[in-house]
Each structure stands twice: as C-alpha cells, then as structure tokens.
Amino acid sequence: MARKKIREYDSKRLLKEHLKRISEIEIGIRSAQVTESTDFTEITDKEPWLSSTKLVVKPDMLFGKRGKSGLVALNLDLAQVAAFVKERLGKEVKTIFLPTEKSMTPEACAPLIATLPLEIRGTIGDFIKGVFAIFQDLDFTFLEMNPFTLVNGAPYPLDMRGELDDTAAFKNFKKWGNVEFPLPFGRVLSPTESFIHGLDEKTSASLKFTVLNPKGRIWTMVAGGGASVIYADTVGDLGYASELGNYAEYSGAPNEEEVLQYARVVIDCATSDPDGRKRALLIGGGIANFTDVAATFNGIIRALREKEAKLKASRMHVYVRRGGPNYQTGLARMRVLGEELGVPLEVYGPEATMTGICKQAIECIMSAA
C-alpha cells in the first residue's frame, strides 16, 4: 500500500462531496484554497461566502503544530485574511546547521535572534547557546521547545520534547539521574528482556533482546545491528517469520562476562518448553571491523557449555557464521565445542553468506525426524 498525503483542502472537499453521495449526509464545511497566484477578487466571485462571514486561515503544507508556530488566525474578515496570507506566503523560516562536536558561537546564533527586539536578543541568544551545550553534554539526540516564552524577562519553555542516546547511559547515569525510557504504548518488557535492558544500560556496548514468539523454533544471537536485520528479514522472506523467536543484537565489543550473561538469557529462551521438534540457533553475524571475534565467542562458548542439557532436550541445531579479527581462532573453538558437547553445531566463516545460513537452518529443522 502506497500512502500519499493530501492537503487539508482536498480532504474536506472529498468528505463533503462523497458523504452526501454515499450516506446522504450534508456537512457545512466551506473552504477555499489560496496560492501565490490567487486573485482575491476572482475567488470571492466564485465563493461569495468569503466576504460575508468570519474566517480561519492557516497554511495547508502537510505539517502539524501550525498554531504554535503563529501560522493560524481566527475570526478574520477577507481583508485581514489577505494581509495575513501576504505576510507569510512564501516566507522561509531561518535555520542553522551546526556540527554537534562544536560549540555554538555568537556568530552562528546571530541569524536566529536577528528579528527579535534588541532588548531581548542577548537573553535569548545566551539561552539558545546554553541549551545547545546541554544537548551536547547530556547526549541528547533531539530537543525541542515549542513554544517558549519569557517570564519576568527569563526564558520559560511551555512545551518540551526530548530524546536521549541510550547507548550513552554508561557515562551519563549520574547526570541523567532517574531518567525513564518509557516503552511504546501497550508494550511491556518480559523479565528476560528487562534483564538484558539492565545489562545494556550498564555497558558502553550495545545489548538488545526482544522476544517475538516464545514458542518460535528459530532464534538468533547476532553481532551488529545490520547483520541482525539481515538474519531476521531473511527468515521472514523465506516464509518463516511466525517461527522467529526473537530479535537480538550485540555490538560495541562487550566483554566476556557481559556476553556470557547475554548468551545465557538467549539460550534459556530458545530452549524453553521443548516439544520434540527441531530448533535452530543462529550465532555470529557479519565481518567485524574491530571486535576480537575469539574473545567475544569465549562468553558464548561458556554459555553453550553450561546449557548443554537444555540444548539437547530442545533438539537445538546451532549455526555459527562470523568473520573479522581473530575469527579463525574463534571458529576453531566453536568446532571443538560442537564435538565436545555432541550438539549439532555447524561453523562457517565469511565464505558463507548470512542469507544462505538462514536457508540451511530452516531446511534442517523443517525436515522430517
């Protein structure tokens, strides 16, 4: 389905015309569209009600919060509408672009305060520069105050929206205090997801884990956000999205202990409630740039060894695919582990494709026996 926005004018026009046609309901919507080429005399001849009633005027540009931006006017006559439109039509809003690693200079701030009354320019300029410094220091990724005003001569935000870089929690937890990252509406973390979330907040690495289907037969423990998406998308493209148990991603070179705790959780979820059918655990990812693959695999190997009984009881087939620094050592250790545990464990380097590994795993666990 292709979704294309239309103007408010057209939405109202279609509603009025076809509500009457389909439901025999008439609504008293009256609207007119004004552009740079509009002749107000001509439009009044076509829509005479414009000159005999109070009007609302606002831009029809597919964005919201027009009132907060001073772009909506109420109870105007036609002459006032024409003046309002003339003042704003085609007018550009001042914006500046700053590298986030640099502080805001007075020169950079000057265009933002140039149209303000002289007596408040200094106050507002200092406020903007201070807010930008806060944005940098606390690792905000988004910060909006719309609108803010002056109370007793001091800036006062009336509405705020903010987003923080949650991967920076490890260095900002004292400055952030008890900041809460609310989940999307209706989403509740399971105990295992909460545990991983807690690990993620305490490390400079990234540890992500979301349960999609607790009874799924295909589970992933993938390094790197890009690789994790490839694995998940490939499983879906092959027609087995309903069997995908989780979305998981670790990156940023977590240490062995962090990987061990992370892997324990993934394996526990992947092996819970065995039903006699084969399952697959996809481990590894793409080709690392800097992460020591062997060091990362040490934590996973320890977890697999601990969970040997669960792996066998759930008929788990493990597929490992990885490349990058020291990957040969890491893969060799995985091969030895497979022989030691007696668990089906296949190991591949960067010569094998991630999509191919997914297909191979699915064919294995979906086969009879």
*Contact check, side chains of Asp10 and Arg7, non-hydrogen atoms, under 4.5 Å*: yes
*Find out whether Leu238 and Lys359 are in side-chain contact, i.e. whether some heavy atom of one side chain is under 4.5 Å from a heavy atom of the other.*
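SC-SC contact between Leu238 and Lys359 confirmed.
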*Could you label the plane-to-plane angle of the Phe209 and Tyr262 rings as parallel, tilted or perpendicular, counting under 30° as parallel and over 60° as perpendicular?*
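Phe209 and Tyr262: perpendicular rings.
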*Quick one: does Glu249's side chain have a donor or acceptor within less than 3.5 Å of a partner on Ala223's backbone?*
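Looks like no, no N/O pair under 3.5 Å.
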*Give a yes or no on whether the backbone of Phe297 and the side-chain of Arg333 come within a donor-acceptor separation of less than 3.5 Å.*
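No.
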*Does Glu8 pair with Lys12 as a salt bridge, N-O distance under 4.0 Å?*
yes
*asked:* Is it true that Lys208 and Thr210 share a donor-acceptor pair across their side chains at a distance under 3.5 Å?
replied: no
*asked:* Using the rule that Ile, Leu, Val, Met, Phe, Trp and Tyr join whenever any side-chain heavy atoms are under 4.5 Å apart, tell me whether Leu98 and Phe127 fall into a single cluster.
replied: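 Leu98 and Phe127: one cluster.
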*With distance as the sole test, does Asn213 use its side chain to make a donor-acceptor pair with the main-chain N or O of Ser242 at under 3.5 Å?*
yes
*Is any NZ, NE, NH1 or NH2 atom of the basic residue among Asp275 and Arg217 found under 4.0 Å from an Asp or Glu carboxylate oxygen of the other?*
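So Asp275 does not pair with Arg217 through a salt bridge.
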_Using a 3.5 Å distance criterion without hydrogens, assess whether the side chain of Asp200 forms a donor-acceptor pair with backbone atoms of Ile196._
no
*Less than 4.0 Å between a side-chain N and a carboxylate O, is that true for Glu308 and Lys312?*
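Salt bridge flag = yes for Glu308 with Lys312.
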_Just so I know, are the side chains of Asp137 and Lys175 near enough to count as touching, which here means a heavy-atom distance under 4.5 Å?_
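Yes, close enough: below the 4.5 Å cut-off.
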*Is a donor on one side and an acceptor on the other found under 3.5 Å between the side chain of Arg30 and the backbone of Trp49?*
no
_So that I can tick it off, tell me whether Glu17 and Arg13 are bridged by a salt bridge, with the cut-off set at under 4.0 angstrom between side-chain N and carboxylate O._
yes
*Residues two or more places apart in sequence or in another chain: which of them pass side chain to side chain donor-acceptor pair (under 3.5 Å) with Thr271?*
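Result, side chain to side chain donor-acceptor pair (under 3.5 Å) vs Thr271: none returned.
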*Flag for Thr220-Tyr247: side-chain donor and acceptor within less than 3.5 Å*: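 Judged by distance alone, the side chains do not pair up.
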*asked:* Does any part of the side chain of Thr296, heavy atoms only, come nearer than 4.5 Å to the side chain of Tyr250, both counted from C-beta?
replied: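 The answer is yes; the side chains approach within 4.5 Å.
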*So, Glu346 and Gln360: side-chain donor and acceptor under 3.5 Å apart, yes or no?*
yes
*Mind checking whether Met160 and Ile134 sit in one hydrophobic cluster, side chains of I, L, V, M, F, W, Y counted as touching below 4.5 Å?*
yes
_Lys215 backbone acceptor or donor facing Asp273 side chain under 3.5 Å_ =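 Checked: no pair found.
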*Run the numbers on Ile365 and Arg279 for side-chain contact (heavy atoms from CB on, under 4.5 Å), then give the verdict.*
CA-CA 6 Å; Ile365 67 171; Arg279 303 183 186 189; 5.5 Å; no
*Applying salt bridge (Lys or Arg N to Asp or Glu O under 4.0 Å), run through Glu256 and Arg302 and close with a yes or a no.*
CA-CA 9 Å; Glu256 183 176 329; Arg302 288 172 60 189; 3.0 Å; yes
*Glu351 side chain to Gly349 main-chain N or O, any donor-acceptor pair under 3.5 Å?*
yes
*Answer yes or no: is there a side-chain heavy-atom contact under 4.5 Å between Lys278 and Pro344?*
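Sidechains of Pro344 and Lys278: no contact.
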*Side chain to side chain, Val57 and Leu76, heavy atoms closer than 4.5 Å*: yes
